[in-house]
Amino acid sequence: LTLTIPENTTLKVNHDYGNMEVSNLITTMCDLNADASNVKISNITAPLNVHVDYGNVQLDKTVGNLNLNLGSCNVICGNQNGDVNIKSNNCNLSMGGVTGNITGDVESGTNSFLDITGNIKFNAGYSNIKMINVKGDLNMNANSGNIIGEKIEIVSTADFNTEYGNVDIDFVNDVSKMSFELKTTYGNIKLNDGVNSRNAQSDLIIERGGIKISSVTNSGNIIIK
């Protein structure tokens, strides 16, 4: 089934099984629902709601707020301009080239963020979080997983918390001018500000004003550089 629709209409699709592709649209609202499907979305300008229970979801060149409500899916999202909200039970998530704030709650799977400009508030139940080239304020939580960041630029504050996992963050910011509150129950803390390397067990608190970083782990190491 192939449909061509006029601009500035509302599109709502309910789909059970099979492939679904939606592309090249400017609409007032795009609402896509599928049970078990491979969904491909590209070049869409509209507030976008996507609900998929099982399948692969690929998004590229989307403009507008994006809501993802997913069951067990593999998701690739690139070139998104607008805020993103994600909820999933089991999701392998890859987001790249996003300009906008991201909020998420994912129970299990893998989570990666590449080239993001915007704040991120993300809860990962039993999964790892990996970030590369991210600029914004961050609130990252993992129950059982590692939180790893490279080329991270914080605007004002960041929190990295995990129960059973390591926190390893490499900042673009000048670490020697940042404040830290780092705590671990069963692990080690290492802070390298470019001049000094500080090692501690249980907690390390440094008050300098400016950007504030906090991190708490139960059973894991904290490395800041």
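These numbers come from the heavy atoms of this one structure, side chains and all, not from hydrogens, waters or symmetry mates. Numbering starts at 1 and runs along the sequence shown.
Looking at N161 and D159, their side chains never bring a donor and an acceptor atom within 3.5 Å of each other. Side-chain atoms of N43 and S23 form no donor-acceptor pair, as typed in the model, at a separation below 3.5 Å. Checked by atom type, the side-chain pair T28/T10 shows a donor-acceptor distance below 3.5 Å. Side chains of D105 and N123: a donor-acceptor N/O pair is absent below 3.5 angstrom, by distance only. One side chain, T103 or N85, offers a donor N or O that lies under 3.5 Å from an acceptor on the other.
For the atom pair NZ of K130 and OG of S94, the computed distance is 10.5 Å after rounding to the nearest 0.5 Å. The CG atom of N92 sits 3.5 Å away from atom OG1 of T110, with the distance rounded to the nearest 0.5 Å.
Using bins of under 30°, 30° to 60° and over 60° for the plane-to-plane angle, the ring pair F122/F113 lands in the perpendicular bin.
Just one residue in the list I148, L114, I116 forms a side chain to side chain contact (heavy atoms under 4.5 Å, CB included) with I132, and that residue is L114.
A salt bridge between K225 and D168 is present, with a side-chain N of the basic residue lying under 4.0 Å from a carboxylate O of the acidic one. Remark: E153 does not engage K151 in a salt bridge, criterion side-chain N to carboxylate O under 4.0 Å.
Of the possible polar contacts, none joining the N101 side chain to the G118 backbone as a donor-acceptor pair under 3.5 Å is found.
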